[in-house]
Number of protein chains: 2
Amino acid sequence: MNLKQLSLKLGLSQTTVSRALNNYPEVNEHTRERVKLAALKHNYRPNTRATRLATGRAMTIGHILPMNSTETFNPIFGEFIAGAVQAYSKRGYELSLTLANEDSEESIYRELAANGTVDGVIVHSPRVNDMRIPLLQELNIPFVVHGRDFNNLSDYSWLDMNNRRAFYQATKLLIDLGHQSICLVNGRETLNFAWRRRLGYLDALGDEKIASDTALMHTGDLTESNGYSAATKALANGNPPTAFLVASYVVALGVRRAIHHAGLEMGRDISVIIHDDELSYFQNDGDIPQFTATRLSVRDGGELAATMLLDIIDEPSNAPLTALMEAPLVIGASTGPVKSGTA
Amino acid sequence: MNLKQLSLKLGLSQTTVSRALNNYPEVNEHTRERVKLAALKHNYRPNTRATRLATGRAMTIGHILPMNSTETFNPIFGEFIAGAVQAYSKRGYELSLTLANEDSEESIYRELAANGTVDGVIVHSPRVNDMRIPLLQELNIPFVVHGRDFNNLSDYSWLDMNNRRAFYQATKLLIDLGHQSICLVNGRETLNFAWRRRLGYLDALGDEKIASDTALMHTGDLTESNGYSAATKALANGNPPTAFLVASYVVALGVRRAIHHAGLEMGRDISVIIHDDELSYFQNDGDIPQFTATRLSVRDGGELAATMLLDIIDEPSNAPLTALMEAPLVIGASTGPVKSGTA
DNA sequence: AAATAAATTTAAAGCGCTTTGGATCGCTCA
DNA sequence: TGAGCGATCCAAAGCGCTTTAAATTTATTT
C-alpha cells in the first residue's frame, strides 16, 4: 500500500493524505482522522527511500569508528553507540555504522558529504591535531565530537568529560593517602583524552612537589593485556610503585591480574584508581565498589551527544553546542593508605 | 554536481552517463572513459537517496539488538557487528543499528518490512521459540540468525557454533582431570546457545555416570558481577566445586575475582574453562593463555554471517544457507588436575 | 446577497537516479 | 542500392514521496 493507492481509496488527493499524516495544519480535523484511521487499517507506511529523496534528508547519523591496526572494536564505542541510538530512535533517526582506518578516513567523509547518506556524524576518539574536524567543517557536515581536540581552536561542537580534573583529583587522593610513586597506565597519548589525563596527573604531582618519572607513565591501547604488561613491568622494578592510576576498567583488569601475580593484594598492598565508563556488563557499584574510580556513564554521554547533534541538524544556528561533564571520584575497595596493613 | 549537470557538461544523455558509470555494456568504451574521467574530475557521486528509490534497494542491513531490562549492550554484539560491517562495506552496503525491547520488537520488524529501510536483517541472540524467525518468514525479509532456534524446524539461514559439542568437550576434559564437581556458570537459558551448552555439559556428565546437581548450574546475563556472585555462592557451599565451566570471558573475570576472594588460586586449587569469543581487547592467547577455553572468533562469525546474508539478497535461491562452526578446546593456565599441588 | 477572507483541497512539479522502448548511425550483405 | 543488423545513444517514464501554486469550498463581513 503506497500513498497513491491510499489516497485513491480515500477519494482524496495525495497531497491531502500526505499532509494529514504529517500533521500539517491546513487540513480539516475530520479529514485527518479519517486518513489516519485508513492508514492504520491498511497498514500504510510511507516508503522511507521516497521520503528521503523528496525531503533531501537521510534521517541517518553516521558513526565512523576509527580502526587502527592494533585496536578493533573498543567496548566504549559500543556503549556510547547504545546510548546514541536511543536518542536517534526517539526522534526517528537511524544510526549507520562504518569502520575506517586512517587511510580511508578522508575519502569516507568526502563520500558521505557528496552522496548524502547521512545528515550528520559523530566524531569518535579525536586525535591530537585531528584532521577530521577541519575536514567536516570544510564539507559542511553537522558533527559533534566525542571529546575535544585541544590543538584546534576553532568553534565546533563537542561533548567531553573533564579528563584533566578527574585525573587530577584521583592523583590527589592517592597522594593524600601517602602514595608518592604512582604509576599511570594511560591510553594512547595521540588521543586527546589520554593526553589530558596525563596533564591532570602531572598537575597533581606538581602541586605536591613530587617529581614525575617517565618510567611510571605507560601508554597503550585500552586492552586487558596492555594493563597486565604495563603493571607487570612496573612491579618488576626494584622500587615498584605503591599505586596505579588506570585509564579504564578493562585495562584495570589486567593491572589487577598483574598485582595478584606478584602476590599482592589490591587495596591493601597497593592502591588502584580507575576511570569507570560504567559499562553495563562491568558494574563497579554496590555498597563498596571494587575499584575506587572517577565515574561517568559513557552511555549517557552517547545519548547526550546524539541529542546535541540532532538539535544542531534541526536548527543549525544552535551550533556550536558544547557539554563538559565532570566525573566524580567514588571511593571503592581498591585504595588505601600507603604501606598500611589494614584489611 | 548531479547526474543532470554532469551529462550536460559532457553533452551526453543522463542515460548514457548513468550506464557508463555503472559499467553497462551498451556504451562505447571511449565514451565510458570520457565519462568516468569527468566524474572523477568533478567529484561526482550519485545521490544515494535517489539511487535507492530508483532501484528499490536500501543497500542497508538492519541489526536489531534485543535489549531486555537487565542487559544492555553485550560486548559480543559489538564484536560481531564489527565483523559484519567489514563484509558490508566490501560490498557497498551499510549497517543500520537499532535497539529493541521485547515489546517493541514485532512492530519494529513490521515497520522495517513495510517501509523498506533495509534489505535484510541479522537476528541476534535467538531465544527458545523465538517469534522473530516465523515473523521474518511471514514478512519475507531475508535474514540470517546468529545462532539457531532448536524448537523451530523450518528452513532458515543461520550461522552457529557447535555449543553442545564445545561444552561437552570442555566438561570431558575437566572430568579427565579428575573433577567430579563442576559448576556451570551459564548464560540465560531462554537463549538457545546457553541451553545447548548445558546439554553438552550434561552429556559429558552422563557419559561418565556423574550425577548432575542443579545447585551447580547457574544461569544469568553475561556480566562480570553475575560471574562473581555465582562463583561466590558456589564456593560458599560446604562442599564446593573443584572446577568452573564459564560462558564467557567477561563472566569468567567475575569468577576469577570470587576465586581470589576465597583465597584460592586458579589453575592450582581450582580449574576454570571458559568459552572465549576472542574479543579484541581481551586477548586470551600467548604462549600459555590465561584461560583454558573453547575458542571461536565472534568477529569472524559476524563477517561470515553478513556475507551469507548478502549472498542471499543477491540471489534469493541461495537460501537457506547454514554454517556450523566448531570451537576448538585450547589449553591454558586455568586448568589442572583436581586437588593437586602443582604450581 | 454580494464581496471578501479564510479554510480546505488539489494538480502538478519536483527530488536525482534507473530503465524501458525507441532512435540513429554506420556497416554488411545480397 | 537498400534491407537488415549490431553498436550506441537518447527521450521520457517511473520510483513514492513532499511541496508549491492555484483552485475550490466555506465562512465572514457589510
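Chain A is the first sequence line, chain B the second, and so forth, proteins listed ahead of strands; every chain is numbered from 1. Computed from a predicted structure; not experimentally measured.
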Worked verdict on B:Arg132 versus B:Glu102 for salt bridge (Lys or Arg N to Asp or Glu O under 4.0 Å): CA-CA 10 Å; B:Arg132 287 175 290 177; B:Glu102 283 201 48; over 6 Å; no
I would like to know whether B:Arg148 and B:Asp130 meet salt bridge (Lys or Arg N to Asp or Glu O under 4.0 Å); could you show each step before the answer? CA-CA 9 Å; B:Arg148 274 174 286 179; B:Asp130 202 307; over 6 Å; no
For Watson-Crick and G-U wobble pairs within 3.5 Å on both distances, what is DNA chain D written in dot-bracket notation, | included for inter-strand pairing? ||||||||||||||||||||||||||||||
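Using modelled atom types, no side-chain atom of B:Asn22 and backbone atom of B:Tyr24 make a donor-acceptor pair closer than 3.5 Å.
For the ring pair (Phe, Tyr, Trp, His ring centres under 6.0 Å) test, residues two or more places apart in sequence or in another chain that qualify with A:His146 are A:Phe80. Listed by chain and residue number, nothing satisfies the salt bridge (charged side-chain N to carboxylate O under 4.0 Å, His left out) test with A:Asp119 (two or more places apart in sequence, or in another chain).
Note on A:Glu303 versus A:Arg299: no salt bridge recorded, every NZ/NE/NH1/NH2 to OD/OE distance being 4.0 Å or above. Between B:Glu26 and B:Arg32 no salt bridge is recorded (no basic side-chain N to carboxylate O distance below 4.0 Å).
Rounded to an integer number of Å, the gap from A:Met59 CE to D:dC17 P is 16 Å.
Ring orientation note: the planes of A:Phe77 and A:His124 are nearly perpendicular, at an angle over 60° on the 30°/60° scale.
A donor and an acceptor atom, one from each side chain of B:Thr15 and B:Ser18, are nowhere located under 3.5 Å apart. Checked by atom type, the side-chain pair A:Asn43/A:Arg45 shows a donor-acceptor distance below 3.5 Å. B:Thr98 and A:Glu94 are not linked by any side-chain donor-acceptor pair at a separation below 3.5 angstrom, with hydrogens and angles left out of the test.
Residues from residues 1-13 of chain A lying near DNA chain C, meaning a heavy-atom separation below 4.0 Å, are A:Gly11, A:Leu12, A:Ser13 in numerical order. Contacts between residues 44-53 of chain A and DNA chain C, counted as heavy-atom distances below 4.0 Å, involve A:Leu53. Residues of residues 14-41 of chain B having a heavy atom closer than 4.0 Å to DNA chain C, listed by number: B:Gln14, B:Thr15, B:Ser18, B:Arg19, B:Asn22, B:Tyr24.
Taken from OG1 in B:Thr48 to CG in B:Leu53, the straight-line distance is 12.5 Å, to the nearest 0.5 Å.
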